> 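Below you'll find the structure I mean.
Here the structure is a predicted model, which means the values were calculated and not measured.
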Amino acid sequence: MKLSTLTQASIIAFTLVQGNAIQAQNKKDNKSKKSQKMEISNKQKVVALLKSIETGDATPVSYINPTNYKQHNTAVADGLAGFGALLQQIPTNTAKVKTIRAFEEGDYVFTHTDYNFFGPKIGFDIFKFENGQIVEHWDNLQETPVTANPSGHSMIDGATAIKDLDKTAANKNLVTEFVNDILVNGKMEKLAGYFNGDDYIQHNPNIPDQLSGLGATLGALAKQDVFLKYDKIHRVLGEGNFVLVVSEGHFGTDHNSFYDLFRIENGKIAEHWDVIEKMTNKADWKNNNGKF
């Protein structure tokens, strides 16, 4: 059957329109897939930003709000300019950054990182997000010990798997009660109730494993008139079986900032990491936002 010129033209026109529609849809799908691929979590943004200290990659800096970034590291000037000035002070090709643990709760991301800039350090960082950008940062840094603790642990080894997401609130309550009871109010008679017998892994550089090890260390310090006293909890963040507590207090005569990370298992404290930083004199601060 011979088609009329008009019919042939209609078929060609339809084919062209259909082809264009398919191409347009494919482009839309590809753009959508590309957009989805480019979208990363706040946790991923933080890990990339920290790694950029080592690599010099400029892309992650875009995750920081350029006009609204509050800095709580008292040795760093406020705003994005302060962050940039810090990077410029680091000698070329000397920085190393390895984030061991990263957690996310609501608008907050908190990390546990092995650093080497201006010397080896272990650090906890907290970042607050608004509309996908970082608007605030807190941290605590401690010089990395040259040897393992009495039980052979470093400040960063140990469990990393996040689980029990449905128990985040309960675990935060448990750890908050522990810090308030034991470290703030000194109710040592309640100590054993927070642990599963003597089963407890410790990453503090000076304290051995087991609850008995913790008790023995605190007792030995007390005999030397060196007391560990937390005065106030400032922040509690958690994801599943991990809870980070930010506090201030005194270790001996020093005024300190304490960051304590706890791993909870079956409703009991099973593992602990911490970083203790001595508070600097306010006259030496490079911003007025305060440590906490």
> Does any part of the side chain of F127, heavy atoms only, come nearer than 4.5 Å to the side chain of L50, both counted from C-beta?
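The answer is yes; the side chains approach within 4.5 Å.
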> Is it the case that the side chains of D209 and H153 hold a donor-acceptor pair, with the cut-off being a distance below 3.5 Å and no angle test?
yes
> Go through the steps to decide whether K45 and I40 satisfy the test side-chain contact (heavy atoms from CB on, under 4.5 Å), and finish with yes or no.
CA-CA 7 Å; K45 290 177 182 178; I40 62 175; 3.6 Å; yes
> Got a donor-acceptor contact below 3.5 angstrom from the N185 side chain to the K187 backbone?
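Not at all, since once roles are kept as given, no pair shorter than 3.5 Å links the two residues.
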> Just checking, is any N or O donor in the side chain of H272 or D260 under 3.5 Å from an acceptor N or O on the other one?
yes
> Between P150 and P205, what is the shortest heavy-atom contact and its length?
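Between these two residues, the closest heavy atoms are CD-O, 3.6 Å.
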> Kindly state each residue pair satisfying side-chain hydrogen bond (donor to acceptor under 3.5 Å, both in side chains) with at least one member in residues 91-100, sequence neighbours excluded.
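Output for this query lists T99-T113.
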> Rounded to the nearest 0.5 Å, what separation is found between the NZ atom of K70 and the CD atom of E136?
5.0 Å
> According to a 4.5 Å side-chain heavy-atom criterion applied to Ile, Leu, Val, Met, Phe, Trp and Tyr, with indirect links allowed, do F124 and M279 form part of one hydrophobic cluster?
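Yes.
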> Answer yes or no: is there a donor N or O on one side and an acceptor on the other, between the side chain of H203 and the main chain of S154, under 3.5 Å?
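Checking the backbone N and O of S154 against the side chain of H203, a donor-acceptor pair under 3.5 Å is found.
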> F262 and side chain to side chain contact (heavy atoms under 4.5 Å, CB included): which partner among D274, L244, V175, N241?
V175
> Please tabulate, one pair per line, all N/O donor-acceptor pairs under 3.5 Å involving side-chain atoms of residues 193-201, not counting sequence neighbours.
residue: Y194; atom: OH; partner: E177; partner atom: O; Å: 3.4
residue: Y194; atom: OH; partner: D181; partner atom: OD2; Å: 2.5
residue: D198; atom: OD1; partner: L211; partner atom: N; Å: 3.0
residue: D198; atom: OD1; partner: S212; partner atom: N; Å: 2.9
residue: D198; atom: OD1; partner: S212; partner atom: OG; Å: 3.4
residue: D198; atom: OD2; partner: S212; partner atom: OG; Å: 3.0
residue: Y200; atom: OH; partner: Q202; partner atom: NE2; Å: 3.0

> Applying the 4.5 Å side-chain criterion to the ILVMFWY set and letting contacts propagate, would I276 and F292 be lumped into a single cluster?
no
> Applying side-chain contact (heavy atoms from CB on, under 4.5 Å), run through L261 and V243 and close with a yes or a no.
CA-CA 6 Å; L261 180 67; V243 177; 5.9 Å; no
> If you compare all heavy atoms of F118 against all heavy atoms of K121, which two are closest, and at what distance to 0.1 Å?
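The answer is O-NZ, 2.8 Å.
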> Return the minimal non-hydrogen interatomic distance between W273 and M155, and the atom names on each side.
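Scanning both residues completely, I find the closest heavy atoms to be CD1-O, 3.2 Å.
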> Just so I know, are the side chains of N206 and T217 near enough to count as touching, which here means a heavy-atom distance under 4.5 Å?
no
> Check the hydrophobic clustering (I, L, V, M, F, W, Y; side-chain heavy atoms under 4.5 Å; chains of links allowed) and say if L237 and Y259 are grouped together.
yes
> Enumerate the side-chain hydrogen bond (donor to acceptor under 3.5 Å, both in side chains) contacts for residues 137-148, please, sequence neighbours excluded, ordered by first and then second residue.
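Checked against side-chain hydrogen bond (donor to acceptor under 3.5 Å, both in side chains) - neighbours excluded - the pairs reaching residues 137-148 are Q71-H137, H72-W138, N73-D139, D125-H137, N140-S257, N140-K291.
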> Between D231 and H250, does any side-chain donor sit less than 3.5 Å from a side-chain acceptor?
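Yes, side-chain donor-acceptor contact under 3.5 Å.
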> Kindly say whether G238 contributes a backbone atom to a donor-acceptor pair with the side chain of E105 at under 3.5 angstrom?
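Yes, the answer is positive, given that a donor and an acceptor are paired below the 3.5 Å cut-off.
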> Over all heavy atoms of both residues, which pair between R101 and D157 is shortest? Give the atoms and the distance, please.
NH2-O, 3.1 Å
> Of all heavy-atom pairs between V46 and T111, which one has the smallest distance, and what is that distance?
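Scanning both residues completely, I find the closest heavy atoms to be CG1-CG2, 3.7 Å.
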> Could you grab the distance from atom CD of E277 to atom CD1 of I122, nearest 0.5 Å is fine?
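It is 13.5 Å, given to the nearest 0.5 Å.
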> Would you please say whether a donor-acceptor pair under 3.5 Å links the side chains of T168 and D166?
no
> Which heavy-atom pair separates N287 from V76 by the least distance, and what is that distance?
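So the minimum-distance heavy-atom pair works out to ND2-O, 2.8 Å.
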> Once you round to the nearest 0.5 Å, how far does CG of N65 lie from NZ of K128?
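Rounded to the nearest 0.5 Å, the CG-NZ separation comes to 12.0 Å.
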> Under a 3.5 Å distance rule, please check whether K229 uses its side chain to pair with a backbone N or O of F251 as donor and acceptor.
no
> For S52 and T55, indicate whether the former's side chain and the latter's backbone hold a donor-acceptor pair under 3.5 Å.
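No.
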> Quick test of your reading of the model: are E239 and K43 salt-bridged, counting only N-O distances below 4.0 Å?
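Yes, E239 and K43 are salt-bridged.
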> Check the pair I162 / F103 against side-chain contact (heavy atoms from CB on, under 4.5 Å), numbers first and verdict last.
CA-CA 8 Å; I162 301 171; F103 310 95; 3.6 Å; yes
> Could you go step by step and tell me if Y69 and Q133 meet the side-chain contact (heavy atoms from CB on, under 4.5 Å) rule?
CA-CA 9 Å; Y69 178 58; Q133 287 191 307; over 6 Å; no
> Less than 4.5 Å apart, side chain to side chain, heavy atoms only: is that true for I233 and V246?
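The answer is no; the side chains never approach within 4.5 Å.
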> Check whether any side-chain N or O of D254 sits under 3.5 Å from a backbone N or O of N256 as a donor-acceptor pair, and report yes or no.
no
> For A283, is there any backbone N or O sitting under 3.5 Å from a side-chain donor or acceptor partner on N281?
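Flag not set: sc N281 to bb A283 has no pair under 3.5 Å.
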> Would you check if there is a donor-acceptor pair between the side chains of N289 and D78 at a distance under 3.5 Å?
yes
> If we only count heavy atoms from C-beta on, is the E189 to L191 side-chain gap below 4.5 Å?
no
> Indicate, with yes or no, if F227 and I207 share a hydrophobic cluster defined by side-chain heavy-atom contacts under 4.5 Å among Ile, Leu, Val, Met, Phe, Trp and Tyr.
no
> Once rounded to the nearest 0.5 Å, what's the spacing between atom OG of S247 and atom NE2 of H234?
7.5 Å
> Side chains of I182 and M188, heavy atoms from C-beta outward: is any pair under 4.5 Å?
yes
> Can you tell if the side chain of Y230 reaches within under 4.5 Å of the side chain of F258, non-hydrogen atoms only?
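Heavy-atom side-chain distance check passes, below 4.5 Å.
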> Look at the side-chain heavy atoms of Ile, Leu, Val, Met, Phe, Trp and Tyr, link any pair under 4.5 Å apart, and say whether I126 and F242 land in one connected group.
yes
> Please determine whether the number of non-hydrogen atoms from other residues, nucleotides or ligands lying under 6.0 Å from atom CG of D284 exceeds 12.
yes
> Please examine the side chains of L49 and I64, heavy atoms only from C-beta on, and report whether any two atoms are closer than 4.5 Å.
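Yes, close enough: below the 4.5 Å cut-off.
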> Are the side chain of E54 and the backbone of V97 linked by a donor-acceptor contact shorter than 3.5 Å?
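Pair found, side chain donor or acceptor close to backbone of V97.
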> Would you mind reporting whether K282 and W285 have side-chain heavy atoms less than 4.5 Å apart?
yes
